[in-house]
Amino acid sequence: MCYHVSLNKDIKTVEKDFDKKVSEPEQFQSGYHLNGFAQPYLPVLSTHDKNAIHMYRWKLFPHWVKDESSWRANTLNAKGEELFEKGSYKAYWKNRCLVICNGFFEPHHPDGQKKAQSYYIKPKTGDYFTLGAIYSVWHDIPTFSIITVPANPLLAEIHNEKKRMPLVLDGDQAEAWLIEDLKKEEMTDLMVPYPDEGKMEGYRVMDGVTNSRLDTNKPEVLQPI
């Protein structure tokens with residue numbers, strides 16, 4: 001799954017690289033490691049407004065949830081295979097966005113070892129991934145869930161227990177994701193594993209990235225070991 005990302009670029013760099021302004025600069029935060037369970041705001045490109053970068057909060061809250069404490073479901077991620085049927089998500093498939101990040105972290109479990117190792121996955125060329133997501137506006141707060149799909153060969157080897165990966169979209173596929181009148185069948189065609197050969201790379205980093213008791217929001221978390 002995808003619960004941990006990196007966005008180690010400042011707001012000016014992101015605006016320059018995407019040629020768009022961030023509409024809510026006060027909510028922008030960069031980080032070497034951003035933990036989804038802390039529900040940070042992340043920059044997105046959205047069907048709602050294609051002319052700017054907006055800040056959406058990570059963890060989708062359906063519009064019918066009364067208060068935050070009552071919603072205990074883990075909606076940081078949404079399985080692509082369940083998107084159109086599951087109650088938490090089915091009303092929002094037309095609300096699509098692309099989450100901007102520099103890379104993401106996944107656990108790896110070596111044979112016979114209970115303790116997980118941490119791996120970082122990043123583009124082989126370029127500075128960014130854009131991850132396919134859906135969003136819901138809850139109490140005037142835009143909230144999102146990153147879509148996951150079956151792992152490509154690289155991620156199946158790294159994320160060897162769940163064998164899942166976030167939906168990574170670029171080029172024409174990224175542009176298509178933000179077409180407002182995209183049909184379900186066309187959306188399904190986009191929800192496929194990202195090709196790993198020549199497109200992404202992964203390497204082991206410091207352990208404990210998924211341990212909330214450890215501070216891993218530091219430059220060293222991106223260094224290979």
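Throughout, numbering of the chain's residues begins at 1 and tracks the sequence.
- The stretch residues 190-201 participates, sequence neighbours left out, in these salt bridge (Lys or Arg N to Asp or Glu O under 4.0 Å) pairs: K122-E201, D170-K199.
- A 4.5 Å side-chain heavy-atom check between E24 and Y41 finds every atom pair outside the cut-off.
- F104 pairs with exactly one of Y120, Y3, F129 by the ring pair (Phe, Tyr, Trp, His ring centres under 6.0 Å) rule, that one being F129.
- In this structure, the side chains of S46 and L178 stay at 4.5 Å or more apart for every pair of heavy atoms.
- Panel note: side chain E186, backbone K183; a donor-acceptor pair is recorded below 3.5 Å.
- In this structure, a donor-acceptor pair under 3.5 Å is present between the side chains of H33 and H4.
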(request) Go through the steps to decide whether T13 and D10 satisfy the test side chain to side chain donor-acceptor pair (under 3.5 Å), and finish with yes or no. (result) CA-CA 5 Å; T13 301; D10 61 40; 2.8 Å; yes
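- You'll find the side chain of K218 reaches within 4.5 Å of the side chain of M206, heavy atoms only.
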(message) Evaluate L154 against M200 for side-chain contact (heavy atoms from CB on, under 4.5 Å), listing each step before the verdict.
(response) CA-CA 9 Å; L154 174 66; M200 59 167 50; 3.9 Å; yes
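- The side-chain contact (heavy atoms from CB on, under 4.5 Å) test with F144 is passed by exactly one of W58, F61, Y92: W58.
- A centroid separation of 6.0 Å or more is found between the aromatic rings of Y119 and Y203.
- With hydrophobic clusters built from ILVMFWY side chains whose heavy atoms lie under 4.5 angstrom apart, I121 does not share a cluster with V209.
- Sparse packing is recorded around NZ of K162, with 12 or fewer heavy atoms of other residues, nucleotides or ligands lying under 6.0 Å away.
- Donor-acceptor pairing under 3.5 Å is recorded for the side chains of Y128 and D17.
- Transitive grouping of hydrophobic side chains (ILVMFWY, heavy atoms separated by less than 4.5 Å) brings V149 and L182 into a common cluster.
- Salt bridge annotation for E106-R204: absent, with no cationic side-chain nitrogen under 4.0 angstrom from a carboxylate oxygen.
- K16 NZ: 12 or fewer foreign heavy atoms inside a 6.0 Å radius.
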(message) Could you go through W138 and W64, starting from their C-alpha distance and side-chain angles, then the distance that decides it, and tell me whether this counts as ring pair (Phe, Tyr, Trp, His ring centres under 6.0 Å)?
(response) CA-CA 8 Å; W138 177 79; W64 39 261; over 10 Å; no
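- Interatomic distance, CE of M187 versus CG of L167, reported as 8.5 Å (0.5 Å rounding).
- There is no side-chain donor-acceptor pair under 3.5 Å between S136 and H63.
- Counting only N and O atoms by type, the side chains of R164 and T148 include a donor and acceptor under 3.5 Å apart.
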